[in-house]
> 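Here it is, the structure in full.
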Amino acid sequence: MKTIILAASAAFMLSTAAASAAEPGSWSTRWTGPFGGTYEGSGKCADGTCQSSGTFTGPHGGVWHHSGNSHRVAPGQWAGEGQIVAPGGGTLQHSWNWHR
């Protein structure tokens with residue numbers, strides 16, 4: 001279970017970090033993990049703020065949901081916060097900072 005949480009967290013951070021340098025607009029992504037889990041997500045950026053959300057379906061079932069926001073705090077620096085909801089309803093809150 002810890003691995004799935006880390007995978008979902010990594011997916012969220014990668015999707016928002018990838019968007020961090022993005023111009024205003026939107027994106028969507030879909031990938032399959034090495035053990036068969038699938039991630040689908042999307043997001044949008046405008047005026048120095050990015051929002052993203054998605055789902056991770058584990059290889060043995062169970063769907064994890066994530067959502068979050070990031071914002072530019074200075075040139076080349078971003079901060080974000082988000083939440084991951086487990087199949088049983090448990091919630092993990094997290095925050096992060098990114099800079100070049």
Side-chain angles (χ1 to χ4, degrees):
M1 174 141 46
K2 191 180 251 185
T3 302
I4 293 174
I5 290 172
L6 292 174
S9 294
F12 170 72
M13 289 187 289
L14 287 173
S15 66
T16 53
S20 297
E23 295 296 319
S26 61
W27 74 93
S28 63
T29 185
R30 182 179 197 284
W31 52 263
T32 301
F35 301 107
T38 302
Y39 173 80
E40 293 185 62
S42 63
K44 61 183 177 179
C45 292
D47 300 323
T49 300
C50 294
Q51 300 172 323
S52 78
S53 63
T55 58
F56 176 76
T57 303
H60 304 291
V63 178
W64 299 73
H65 300 273
H66 87 74
S67 61
N69 299 300
S70 62
H71 57 279
R72 185 175 36 234
V73 293
Q77 295 182 5
W78 291 73
E81 60 279 330
Q83 114 177 348
I84 297 171
V85 180
T91 301
L92 170 69
Q93 303 276 48
H94 65 279
S95 62
W96 55 271
N97 290 298
W98 179 85
H99 62 88
R100 290 190 249 185

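Because the structure is a prediction, the values reported are computed rather than measured.
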> As an exercise, state the distance from CD1 of Ile84 to OG of Ser67, rounded to the nearest 0.5 Å.
9.0 Å

> Distance check, rounded to the nearest 0.5 Å: Asn69 atom CG versus Ser53 atom OG?
10.0 Å

> How many angstroms lie between OG1 in Thr91 and NE2 in His66, if you round to the nearest 0.5 Å?
14.5 Å

> Can you run down the salt bridge (charged side-chain N to carboxylate O under 4.0 Å, His left out) pairs that involve residues 30-44, sequence neighbours left out, and say none if there aren't any?
Arg30-Glu40

> Return each pair, listed once, that meets salt bridge (charged side-chain N to carboxylate O under 4.0 Å, His left out) where at least one residue sits in residues 45-60; pairs must be two or more places apart or across chains.
none

> Fit a plane to each ring of Phe56 and Trp31, take the angle between them on a 0 to 90° scale, and name the class: parallel (under 30°), tilted (30 to 60°) or perpendicular (over 60°).
tilted

> Of all heavy-atom pairs between Gln93 and Gly82, which one has the smallest distance, and what is that distance?
OE1-O, 3.3 Å

> For a 4.5 angstrom cut-off between non-hydrogen side-chain atoms, does Trp78 reach Cys50?
yes

> Find out if a path of hydrophobic residues (ILVMFWY) with successive side-chain heavy-atom gaps under 4.5 Å connects Leu92 to Trp64.
yes

> Atom CZ of Arg72 and atom CD of Gln77: how far apart are they, to the nearest 0.5 Å?
11.5 Å

> Using side-chain heavy atoms (C-beta onward) and a distance below 4.5 Å, is Ser42 in contact with Trp27?
no

